[in-house]
Amino acid sequence: MAFELPKLPYAYDALEPHIDARTMEIHHTKHHNGYTTKLNAAIEGTDLDGKGIEDILSNLDMSNAAVRNNGGGFFNHNLFWEVMSPNGGGAPSGELASAIDDAFGSFEGFKEKFSTAAATRFGSGWAWLCVHKGGKLEICSTPNQDNPIMPGVGCDGYPILGLDVWEHAYYLHYQNKRPDYISAFFNVINWDKVSEDYAARK
Ligand code: MN
């Protein structure tokens with residue numbers, strides 16, 4: 001069964017002014033759609049056909065560039081759309097807030113460390129907040145469409161928040177000003193969703 005491009009849980013213009021509608025539309029209908037189509041082509045007729053995306057990525061042969069790049073791209077963007085919301089922003093509460101304080105000292109400490117991971121990823125890639133079994137949080141970044149589910153990549157936990165720092169994610173509106181895009185991302189983070197994933201994956 002082929003993977004399908006998910007619908008966005010909000011309109012393309014819903015995250016304005018933080019992320020513009022044109023960027024969202026191209027990102028979803030061209031980039032994410034492209035990863036999805038190419039992933040399906042790469043697994044068709046192989047023993048990966050019919051497996052779930054987490055199963056495929058966690059057991060991935062990292063020399064399989066087509067599945068690595070496009071399977072990563074498919075999964076990463078699925079998460080990215082879900083962890084943003086027009087009602088997002090602010091700070092988390094409950095056990096996720098406590099876990100952030102434990103790992104990073106404070107929410108401000110988390111913001112600073114996550115922003116640095118996103119800003120210093122050279123070229124294209126992602127910044128991640130990951131949870132380890134037992135609930136400990138860790139921040140890391142990965143190049144290209146790699147993610148922490150893949151063997152030997154990133155910080156080994158399960159990603160519950162991801163920020164796309166490919167230029168296609170921000171260049172139309174922010175041009176070279178990646179730090180402004182990173183800062184704007186904090187206004188749309190869907191902490192309810194991140195908290196749900198934390199509880200489910202800890
Ligand atoms: Mn992207």
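Read the numbers this way: they start at 1 and go in the same order the structure lists the ligands and their atoms.
Distance CZ/Phe75 to CD1/Ile149: 3.0 Å, rounded to 0.5 Å.
Between Phe107 and Phe186, the ring planes are perpendicular. Angles over 60° get that label, and only those under 30° would be called parallel. Between Trp126 and Trp128, the ring-plane angle classifies as parallel under the 30° and 60° cut-offs.
The Mn ion (ligand 1) lies at 2.8 Å or more from every N, O or S atom belonging to His31. The Mn ion (ligand 1) has an N, O or S atom of His168 under 2.8 Å away, backbone or side chain.
Grouping the Ile, Leu, Val, Met, Phe, Trp and Tyr side chains by contacts below 4.5 angstrom, directly or via other members, places Ile56 apart from Leu5.
The NE2 atom of His27 and the OD2 atom of Asp164 subtend an angle of 90° at the Mn ion (ligand 1), given to the nearest 10 degrees.
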